[in-house]
Amino acid sequence: MNKTYISTLDQNDPLKTHREKFELPKGVIYLDGNSLGPLPKSVPGRITEVVNEQWGQSLISSWNDHDWITLPARVGSKIGRMIGAEENSVVCADSTSVNLYKLLSASVRLIPERKVILSDTGNFPNDLYVIQGLIQQLGDGYELRLVKPEEISEALTEDIAVAVITEVDYRTGRRHDMTDITAKAKEHGIKVIWDLCHSAGAFPVDLSGSGAELAVGCSYKYLNGGPGAPAFLYVTPELQNDIQPPLSGWMGHTAPFDFDLDYRPAEGISRNLCGTPGVIAMSALDTALDVWQDVDLHQVRQKSQKLFNLFAELIENLGPETDLTLQTTFPEEQRGSQISFAHPQGYAIMQALIDRGVVGDFRAPDILRFGLTPLYLSYADIYRAVEIIADIIQTKSWDQLKYHERGLVT
Ligand SMILES: *Cc1c(COP(=O)(O)O)cnc(C)c1O
């Protein structure tokens, strides 16, 4: 594997033109787009327009004149097309955590005789916290049942009301089989809420084709919507009018400007809206999503796999002395779009890497995690990143006090 081979890969890359659409700081190889996607160059102009022209000049009439009021539906539809959702079955709103709370509390009410909520130990702990909070609120014998990720399928038994499953494991990159699990869950009358935080924009998701009924996800990772960008939620058309929104705010009312004293949910997906949308943030996301207009997600998937294989092979070629253990050991179809390695000094090594411009992240207890985002990463980036990883480990340059100190965010 030499540099000529690598540059041939880059020259023949059908996605190479998309890198231009992103602001990428010089000297940085950004392998953390699975945590916070970079800034699309088109976004600052949109924010300036929304702030100066729409808010500044048109003031409140912008709700109609600049279509602010339909942003949650319009942005939801753009995301919906990327995740295989039916028309009018995704809205953009709130955060992933809040959307999970909303769909989980509505879905346990659909099956009141069952009291078990299922999830797995590979789930992002935040999602477990949301489940635990709801269970406390419900009281009445509800429980969370946690199994190992590989045991989810056999754990789908008839006492379970709802399963909360994150499709891609944030640490190992393991990907659940959405079609298989959905089919089995339906056989047993179980609702599944899919968390697509590490799926949307990472590879083609086919909610409708896989029979999925409920999903949530965020837009600041692979969708590049900006820090804390508003999230999305999906409900299959057949279920939409069975959902009783627990946060029954006016944006989900059938006629918010009638100012009726009684809550009456809107028909369809929009009943899942609660309060006024954050227009500036949602506008930024709206423009960020346009990056995907002429992108074939199957090509994204293909390149992601090739970046993965290159990364894994280059690390393996360094030999066992690196002490890096591949964690993403699953077959292609069972992987998300990241590569993770365990190392006993993972934290310090990652800090040293970031100092050298190779930005990935660390996940406790010992995981070095690198996001593979084919729109703006080249094969040469991976090659260079591995050279720097090798240098840091071989020279032990990670072993300095400053690389062992932990910040608030890791
Ligand atoms: C990133 C992520 C979240 C984030 O939720 P927020 O409400 O945006 O903080 C939730 N779940 C999973 C699986 C994630 O990866």
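Just so you know, ligand 1 is whichever comes first in the structure, and atom 1 is the first atom listed for that ligand.
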Tell me whether the guanidinium CZ or amine NZ of R19 lies under 6.0 angstrom from the six-membered ring centre of Y376 and within 45° of its axis. no
Got a sec, which residues hit side chain to side chain donor-acceptor pair (under 3.5 Å) with H18, two or more places apart in sequence or on another chain? K21
Please determine which of Y383, Y379, F370 meets the ring pair (Phe, Tyr, Trp, His ring centres under 6.0 Å) test together with F311. F370
Taking the six-membered ring of F330 (Phe, Tyr or Trp), confirm whether the NZ or CZ of R175 is under 6.0 Å from its centre and within 45° of its axis. no
Report all protein residues having a heavy-atom distance below 4.0 Å to some atom of ligand 1; order the list by chain, then number. S95, T96, S97, F124, N126, D127, T166, D195, C197, H198, Y220, K221
So, S337 and S304: side-chain donor and acceptor under 3.5 Å apart, yes or no? yes
Between K41, K78, R46, which is the residue that forms a salt bridge (Lys or Arg N to Asp or Glu O under 4.0 Å) with D290? K78
